[in-house]
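Keep in mind that the numbers below use all heavy atoms, side chains included, and drop hydrogens, waters and symmetry copies. Chain A is the first sequence line, chain B the second, and so forth, proteins listed ahead of strands; every chain is numbered from 1.
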2 protein chains.
Amino acid sequence: MLKLSTKGQYGVRAMFEIARGYPESPVTIKEISERQDVSVAYLEQILNKLRRAGLIRSVKGPGGGYLLTKDPGGVNIASILKELEGPVAITSCLDPEEGCARVEGCVTHLLWRSLGAKIEAFLETITLRDLLEKEPLLKDLDTDHKRYRFGVA
Amino acid sequence: MLKLSTKGQYGVRAMFEIARGYPESPVTIKEISERQDVSVAYLEQILNKLRRAGLIRSVKGPGGGYLLTKDPGGVNIASILKELEGPVAITSCLDPEEGCARVEGCVTHLLWRSLGAKIEAFLETITLRDLLEKEPLLKDLDTDHKRYRFGVA
DNA sequence: AAAATACCTTACTAATTTTGTCAAGTATTA
DNA sequence: TAATACTTGACAAAATTAGTAAGGTATTTT
């Protein structure tokens, strides 16, 4: 239920790798590919979208790669996913581009709308910096997720 | 991003119709089909799953139809969706049946896990009774969604 | 200059999932 | 026994996802 596509998942992981190079070291597609285990060709598609959206910029030629355009703390997860997968729209009738013929009589409309808003709000609170800060802790990770800021509790 | 399949959507709407008949009037598939604009054949699939899960029971023969097995206030949206679409699993590596090879090194694992938990918790708080109570208000609905309990605000 | 590095773009396609339909039942009641 | 209504499993069209492939452009180092 409510699965995120690999494009979105890989996009976030790629942004994490690029964030590690902030502010000075461009990260190449090849490095991202190796570290995150995603093909170069697929990453090209994904990074292109993110670049056109202004989230990253590229440096060509030897020594080049990708760089964040702003501080990792200023890039939230929702903004990454929106570029790759469009707006959060639990149902297609909530997609701004589609619309719904039966809004008025639909008892579930508000429910989905509300859920979508909650998801979006949550993803907007998490930034790449959170992921960067969390990385060192991952080595100790076992079943106690609660101590993390976005743990389950 | 994060779209719910029609099966889940129709399922909730079908359960709403069945809830309207609680506790005594069986609601036929045909009635649900007409009111919610979903084919009888497709509804059969959906209601079968919900019946096997024990959320509804059926009465055969003339005058028959479907009935809720418990009070509308005791049936939450998460329980309906889980039967139709499996557990909330933002990524396939979080699906209990699939698993993930790189959990330990994955910075995003906790993020998706946490988001899934939040979605689930929210859907568990909304019951069919909430939908039933909301229905009369729908006639006045226009842009002011905020007054509803699960409005956006 | 030219070779190497690395990004850029479009087109295409195989696999999967979704969204249903269809046909042939079984059970119950009037 | 006829009508109503649920039950089940197989199947298939359509849409989406998840990539691959091929060729191009820009920049830097030697």
Side-chain angles (χ1 to χ4, degrees), chain A residues 1-11 13-14 17-18 21 25-34 36-53 55-67 69 81 84-86 89-93 95 97-98, chain B residues 1-11 13-14 17-18 21 25-34 36-53 55-67 69 81 84-86 89-93 95 97-98:
Chain A
M1 186 199 332
L2 289 176
K3 211 170 282 182
L4 194 65
S5 78
T6 59
K7 214 158 200 159
Q9 294 176 48
Y10 295 168
R13 276 155 55 191
E17 291 296 336
I18 295 170
S25 311
V27 180
T28 69
I29 285 190
K30 203 181 165 203
E31 286 170 326
I32 300 172
S33 168
E34 286 164 0
Q36 293 294 334
D37 205 32
V38 178
S39 83
V40 167
Y42 201 17
L43 279 171
E44 280 173 341
Q45 269 185 44
I46 293 167
L47 296 184
N48 242 298
K49 282 196 177 186
L50 296 175
R51 182 181 51 78
R52 272 180 258 186
L55 291 175
I56 52 179
R57 67 190 175 83
S58 61
V59 178
K60 294 191 170 186
Y66 289 92
L67 285 171
T69 53
L81 295 181
L84 297 173
E85 313 206 23
I90 304 301
T91 59
S92 47
C93 67
D95 191 316
E97 297 198 4
E98 307 208 27
Chain B
M1 187 198 332
L2 290 176
K3 212 169 282 182
L4 193 67
S5 77
T6 58
K7 213 158 201 159
Q9 294 176 47
Y10 296 168
R13 276 154 56 191
E17 290 296 336
I18 295 170
S25 311
V27 180
T28 68
I29 285 192
K30 204 181 164 202
E31 287 169 326
I32 299 172
S33 169
E34 285 164 358
Q36 293 293 335
D37 205 33
V38 178
S39 85
V40 167
Y42 201 17
L43 280 172
E44 280 171 341
Q45 267 185 46
I46 293 168
L47 296 185
N48 242 297
K49 283 197 177 186
L50 296 175
R51 181 181 53 77
R52 272 180 258 185
L55 291 175
I56 52 178
R57 65 189 178 84
S58 62
V59 179
K60 293 191 172 187
Y66 289 92
L67 284 171
T69 53
L81 294 181
L84 297 173
E85 313 206 23
I90 303 302
T91 60
S92 47
C93 67
D95 192 317
E97 298 198 3
E98 307 208 27

For [N] and [X] - does any side-chain N or O of the residue sit under 4.0 Å from the phosphate oxygens OP1/OP2?
{"X": "Ser58(A)", "N": "dC8(C)", "result": "yes"}
{"X": "Thr6(A)", "N": "dT17(D)", "result": "no"}
{"X": "Tyr10(B)", "N": "dT18(C)", "result": "no"}
{"X": "Ser5(A)", "N": "dT16(D)", "result": "no"}
{"X": "Arg51(A)", "N": "dC7(C)", "result": "no"}

Original post:
From Gln9(A) CD over to Leu81(A) CG, what is the distance, rounded to the nearest 0.5 angstrom?
Top reply: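 Spacing of CD (Gln9(A)) from CG (Leu81(A)) equals 9.5 Å.
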**OP:** Rounded to the nearest 0.5 Å, what's the gap from CD on Glu31(A) to CG on Leu43(A)? Could you check?
**Re:**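 Between Glu31(A) CD and Leu43(A) CG, I get 12.0 Å after rounding to 0.5 Å.
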For [X] and [Y], which heavy atoms make the closest approach, and how far apart are they?
{"X": "Leu84(B)", "Y": "Gly8(B)", "value": "CD1-CA, 4.1 Å"}
{"X": "Arg57(B)", "Y": "Thr69(B)", "value": "N-CG2, 3.8 Å"}
{"X": "Arg51(B)", "Y": "Ser58(B)", "value": "CD-OG, 3.6 Å"}
{"X": "Leu47(B)", "Y": "Ile56(B)", "value": "O-CD1, 3.7 Å"}
{"X": "Pro26(B)", "Y": "Gly63(B)", "value": "CG-O, 3.7 Å"}
{"X": "Met1(B)", "Y": "Leu4(A)", "value": "CG-CD1, 3.9 Å"}

Original post:
Is Leu47(B) touching bases, backbone alone, or none of the nucleic acid, heavy atoms closer than 4.0 Å?
Top reply: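 The answer is nothing, as Leu47(B) stays clear of every strand by at least 4.0 Å.
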Original post:
How does protein reach along nucleotides 24-30 of chain C, written 5' to 3' as B (base within reach of a heavy atom under 4.0 Å), S (only sugar-phosphate), or - (no contact)?
Top reply: ---SBB-
Original post:
What pairs with Thr6(A) under side-chain hydrogen bond (donor to acceptor under 3.5 Å, both in side chains), at least two apart in sequence or on another chain?
Top reply: Tyr42(A)
Looking only at the side chain of [X] (C-beta and beyond, no hydrogens), which of the listed nucleotides [options] gets closest?
{"X": "Asn48(B)", "options": "dG19(D), dT7(D), dC7(C)", "value": "dT7(D)"}
{"X": "Thr28(B)", "options": "dT21(C), dT20(D), dC6(D)", "value": "dC6(D)"}
{"X": "Gln45(B)", "options": "dC7(C), dG20(C), dA5(D)", "value": "dG20(C)"}

Original post:
For the pair made of CG in Leu84(A) and P in dT16(D), what is the distance, rounded to whole Å?
Top reply: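 Nearest whole value for this atom pair: 17 Å.
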Original post:
On DNA chain D, nearest-nucleotide positions of Ala41(B) versus Ile29(B): which is more 5'?
Top reply: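 Upstream on the strand: Ile29(B).
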Original post:
Start at the 5' end of DNA chain D and walk down; is the nucleotide closest to Tyr66(B) or to Tyr42(A) reached first?
Top reply: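 By nearest-heavy-atom nucleotide position, the 5'-most residue is Tyr66(B).
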Subject >> Terminal axis angle for the helix from dA1(C)-dT30(D) to dA30(C)-dT1(D), five pairs an end, nearest 10 degrees >> reply: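 Computed angle between terminal axes is 10°.
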